[in-house]
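First comes the structure, then the notes that go with it.
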Amino acid sequence: MAADTNPAQSTLADIRATRLEKIDQLQAEGMNPYAYRWESTHHAAELQAKYADLAPEAEVEDSVAIAGRIMARRVFGKLAFFTLQDESGTIQLYFDKKRVTAHMEDRPNAFNLLKKLTDVGDIIGVTGTIRRTQKGELSVNVSTYTMLTKSLLPLPDKWHGLTDTEKRYRQRYVDLIVNPNVRETFRRRAKITAAIRRYLDDHDFIEIETPVLQSEAGGAEARPFITYHNTLQMDLYLRIATELHLKRLIVGGFEKVFELGRIFRNEGVSTRHNPEFTSIEIYQAYADYHDMMALTEALVTTAAQEVLGTLKLQYQGTAVDLTPPWRRVTMHDAVREATGVDFTAFEALSEAIAAANAAGIHVPDDCASIGNLLNEAFEQKVEATLIQPTFIIDYPLEISPLTKPHREKAGLVERFELFMVGRETANSFSELTDPIDQRQRLEAQSAKKAAGDVEAHGVDEDFLAALEYGMPPTGGLGIGIDRLVMVLTDAPSIRDVIAFPLLKNTSAAIASADYDAEKKILKVTFNQGSVYHYNDVPPDLYHALKQAPSLGQFFNAQIREQYGCDRIV
RNA sequence: GGGUCGCUAGCUCAAUGGUAGAGUACUCGGCUUUUAACCGAUUUGUUCUGGGUUCGAGUCCCAGGCGACCCA
């Protein structure tokens, strides 16, 4: 069907069909709608900077080549203006029919093809010279153009863009095309991690990659993802921390190691949590947690200077000053300041609970110790108030199983956490190096696991063996990269700094359900093609399913969770 | 897990329980200085899904899905 006999079109399917038709026409003209290569001389932002002082209607004969996506078209009879966007920014393309025709000699209808066969969203390359138009817009005065990639799907509204959060996350590529600030966020994220790595490299730290798949999850209290290795026939856990392996490297003789990488925790999703997130853990032999405080200040300020050029920033309307040194407060003092309760004064847990209740602190039913209650009080009454960067130091031993006892304060450990904008952003200790003490603490954890705590883990015997060979005194530091990036990019949600955040699948609709009465197997075929067998489903339930007004809802409510299943296809 | 809000054309959004609309995009026509180009014309729907109430449901009720925010 030729374009001029097409009926009026506007549904998505029609738009796509029209563009497929344009692909045929491009090919008929000998133009490849999916080109192989293009060589540019500049990016848009470079040209904007280089010719910033060019006067309106002035033209220079410098020839340039540039490529990008067509974001807007303003087409006249013998003249056309396109807005071209590349990674760096945008520049206007000025197409004059006479000029294009003169330069593309082998294609006398080049200008008409441009008008007919290009759309907003297409990726093209052009050559030409630089001029500023009468209206003052810096432009490439195009000599030749080349279709590089034909786009089939329409972009969101040119003015309102894409605002639907769900679509922005599910189709981040569209978000990136139309929302330049989103591109900027991820550019900054890359600069932050690069700056951190550069700093560490400059200070003789080396990055060593440790296993993601582990036979025992450890190094933190968190619920792990479990997977299965078929040929080895073993359960494996996705790591919840890099701690225990990096410490093995310290035992092995490396003195400064780190790993910046992905951590997986089988937990909920919120503005501050994604089930996979990025941390950096750093270990330095012969150092303690005071050294780690200095390192934390150095890393965060280096990253901030890199992306912001300043240590004074705004986060969601609140001023934050990263100028070191940052405030250092013990957890006891912080809680005393906020609640008036001095948790160092108690001998018995019952006294502490009474005081906590009187101070309006919610006491959890399973509160096991004064230290736990102190931490509870901190989380409830202090954490959210710590807007400026603050080191909370000297934690209770019972919530810090990998940390060396405090050299002066009984019952406490040498640990700090960094808080900014009301959130935990880093965690650090003088690492526990005593293998006997470490064994006792891990066995206590293991007992909690046996008692049903899904966030506790078994004893990592190999890690203990490593400690028995002897680990030098060591300072360790972990920083939540996503949360740091949030602060430095003014992002309200962790999803704004993760390119492809985890979202729930829209559940697949059921295409059909069959029943094997003899084996009591319900065979369910879903629309996306997968087939599951649900075992031991009673016949009555199948009949009820068949008669239910909604197959899917009955299935979800009565069968999906209640019966075991095998995936067949 | 609980609460609040949202889901309507590709996108951004309207629509007292009474004919599903606008802008933009798309298609066609016009135009040599536009930049949210302009002018004219045509067209665009599983109103998230399934039930229910009703003469009649985008709207009311029930259940479910997905998302956002808050709380635990």
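These numbers come from the heavy atoms of this one structure, side chains and all, not from hydrogens, waters or symmetry mates. Chain naming here is simple, since letters A, B, ... match the order of the sequence lines and numbering starts at 1 in each. As the structure is a prediction and not an experimental result, all values here were calculated from the model.
Among the heavy atoms of the strands lying under 4.0 Å from Tyr94(A) is at least one base atom, whether or not backbone atoms are also near. Within the nucleic acid shown, Thr83(A) has no heavy atom closer than 4.0 Å to any nucleic acid atom. Using a 4.0 Å heavy-atom criterion, one finds that Lys22(A) contacts the sugar-phosphate atoms exclusively. The residue Thr133(A) sits close to a base: some heavy atom pair falls under 4.0 Å. At the heavy-atom level, Val120(A) lies nowhere under 4.0 Å from the strands shown. Residue contacts shown for Gly161(A) are limited to sugar-phosphate atoms, with no base heavy atom under 4.0 Å away. Backbone-only engagement by Leu503(A) is indicated by non-hydrogen atom pairs under 4.0 Å involving sugar-phosphate atoms exclusively. Contact annotation for Lys97(A): no contact, since no heavy-atom pair falls under 4.0 Å across all strands.
One atom, NZ of Lys504(A), and another, C1' of C66(B), lie 8 Å apart when rounded to the nearest Å. Between the CZ atom of Arg131(A) and the P atom of U32(B) there is a distance of 16 Å, given to the nearest Å. Rounded to whole Å, atom C1' of C13(B) lies 13 Å from atom NZ of Lys167(A). Spacing between atom OH of Tyr173(A) and atom P of C11(B) amounts to 12 Å, rounded to whole angstrom units. Whole-Å rounding puts the Arg170(A) CZ to C11(B) P distance at 14 Å. Atoms CH2 (Trp159(A)) and P (G10(B)) sit 23 Å apart, rounded to a whole Å. Residue Arg168(A) contributes atom CZ, which lies 21 Å from atom P of C66(B) at whole-angstrom precision. The NE2-P distance, from His160(A) to A36(B), rounds to 13 Å in whole Å.
The shortest distance between side-chain heavy atoms of Asp119(A) and Lys22(A) falls below 4.5 Å. Residues Asp482(A) and Arg189(A) meet the side-chain proximity criterion, which asks for heavy atoms closer than 4.5 Å.
Salt-bridge formation is detected for the pair Asp122(A)/Lys150(A): a Lys NZ or Arg NE/NH1/NH2 atom is positioned less than 4.0 Å from an Asp or Glu carboxylate oxygen.
One N or O on the side chain of Arg265(A) and one on the backbone of Ile240(A) form a donor-acceptor pair closer than 3.5 Å.
The base of G23(B) lies close enough to the side chain of Asp157(A) for a donor and an acceptor atom to sit less than 3.5 Å apart.
Going from the P atom of U16(B) to that of G52(B) covers 26 Å, rounded to whole Å.
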